[in-house]
Amino acid sequence: MASNNICVFCGEKIGTFRSTNVQCGGVSQPSCRTCAQELESLSDIERCRRALLRGLAVQPDKLQRRIQTLTEAEAHRPTCTACGGKLRFRPEQKLDNSPYQDGFLSSTFDVIPACCPDCGRYEFYNPRIVRKNPFLSHLIEKDSTSF
């Protein structure tokens, strides 16, 4: 287990006032501010890999499981029916299917949209089916934090 005064990512000693924590796979890893800034733009799976690199990670078994889960989810990511690109889920996006504000036609779609970053095509998924599939639910969680 790593000590709180050693950066998990670079292995250097860090002072009390120069330390910060980086979230990797749901585990808070002690880090120097320089490493924290470098890791800010990386994905969760890449931060987990870098934390395990030096052998100083807090709860390394949990990080290994997170890497495995995210890798399996990425392998099961749905592909675009138009170009074959990997779809990205956009669960925060609300869609209104009616131009009318009142009346029986005014309602909201009960779907989770997914966008292809290659061609821009949108596809729609039933949220009840998506949430039952463990691979897709991990992808939705991952994609909603990346936008």
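Just so it is clear, the values below take in all heavy atoms, side chains as well, and ignore hydrogens, waters and symmetry mates.
Within the 4.5 Å cutoff, the side chain of N21 has heavy atoms near those of the P30 side chain. Between C32 and F9 there is no side-chain heavy-atom pair separated by less than 4.5 Å.
Between the R77 side chain and the L87 main chain, a donor and an acceptor come within less than 3.5 Å of each other. A donor-acceptor pair under 3.5 Å is absent between the side-chain atoms of R33 and the main chain of T20, judged by distance alone.
Contact between L56 and C7 at its shortest, heavy atoms only, is CD1-O, 3.7 Å. Of all non-hydrogen atoms in C116 and G85, the two that sit nearest each other are SG-CA, 4.2 Å. Here the closest non-hydrogen pair linking L52 and A57 is CD2-CB, 4.1 Å.
Here the straight-line distance linking atom CD of Q29 with atom CG of L63 works out to 5.0 Å at 0.5 Å rounding. Within the model, atoms CZ of R88 and SG of C80 stand 12.5 Å from one another, a figure rounded to the nearest 0.5 Å. Note that CD of Q59 is 10.0 Å distant from OG of S28, once rounded to the nearest 0.5 Å. K86 NZ to T79 OG1: the interatomic distance, rounded to the nearest 0.5 Å, is 6.5 Å. Distance CZ/R65 to SG/C48: 11.5 Å, rounded to 0.5 Å. The CZ atom of R66 lies 7.0 Å from the OG1 atom of T69; values are rounded to the nearest 0.5 Å.
Under the 4.5 Å side-chain heavy-atom criterion for ILVMFWY residues, no single connected hydrophobic cluster contains both I45 and L53.
In the displayed structure, R47 atom CZ is contacted under 6.0 Å by more than 12 heavy atoms of other residues, nucleotides or ligands. In this structure, Q23 places its CD atom where more than 12 heavy-atom neighbours from other residues, nucleotides or ligands lie under 6.0 Å away.
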